[in-house]
Amino acid sequence: MNLSLLDVKGAALVVSQFTLYGDARGQRRPSFISAAPPELAKRHYDEFCEALRRLGIIVATGVFQAMMSVELINEGPVTILLDSKNVLKPRKNPGPATARWPSCAASARGET
């Protein structure tokens with residue numbers, strides 16, 4: 001775990017997954033309204049793949065915005081929790097669901 005992809009002369013499988021940007025604070029379902037628009041996300045995806053290639057890493061990719069099944073074997077166990085300093089702060093834009101459905105807004109505020 002202390003060696004980089006370059007150290008082990010590994011390859012990368014880069015698969016886009018917009019659901020990683022879901023915001024589930026105070027909601028029953030995650031919101032994806034803060035995710036980048038597809039054109040911008042695709043550009044970032046392509047730039048990331050190209051940056052890996054410039055480092056000499058072999059890169060295999062999925063199909064951007066496609067439903068894909070990926071099978072892999074992890075060499076672990078490693079669990080990485082990605083979190084934000086803003087986790088306890090309320091969102092600035094609660095999203096359209098709370099405006100359309102008052103019960104969602106009440107649930108988001110813990111009033112159910």
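If you read the sequence from its start, that first residue is 1, and numbering goes on from there.
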What residue pairs, at least two apart or across chains, pass salt bridge (Lys or Arg N to Asp or Glu O under 4.0 Å) with a residue in residues 39-48?
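Salt bridge (Lys or Arg N to Asp or Glu O under 4.0 Å) check on residues 39-48 returns K42-D46.
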Distance-only criterion, 3.5 Å: show the donor-acceptor pairs between side-chain atoms of residues 51-60 and protein atoms not counting sequence neighbours.
none

Any ring pair (Phe, Tyr, Trp, His ring centres under 6.0 Å) pairs touching residues 36-67, not counting sequence neighbours?
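Qualifying pairs, neighbours excluded: Y45-F64.
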Minimum heavy-atom distance A11-L5, with the two atoms named:
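Result for this residue pair: O-CD1, 3.6 Å.
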Show the nearest heavy-atom pair for residues D7 and S4, with the distance to one decimal.
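Minimum heavy-atom contact is OD2-N, 2.9 Å.
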Can you find a heavy atom in the side chain of Q65 that is under 4.5 Å from one in the side chain of S16?
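Not touching, per the 4.5 Å side-chain cut-off.
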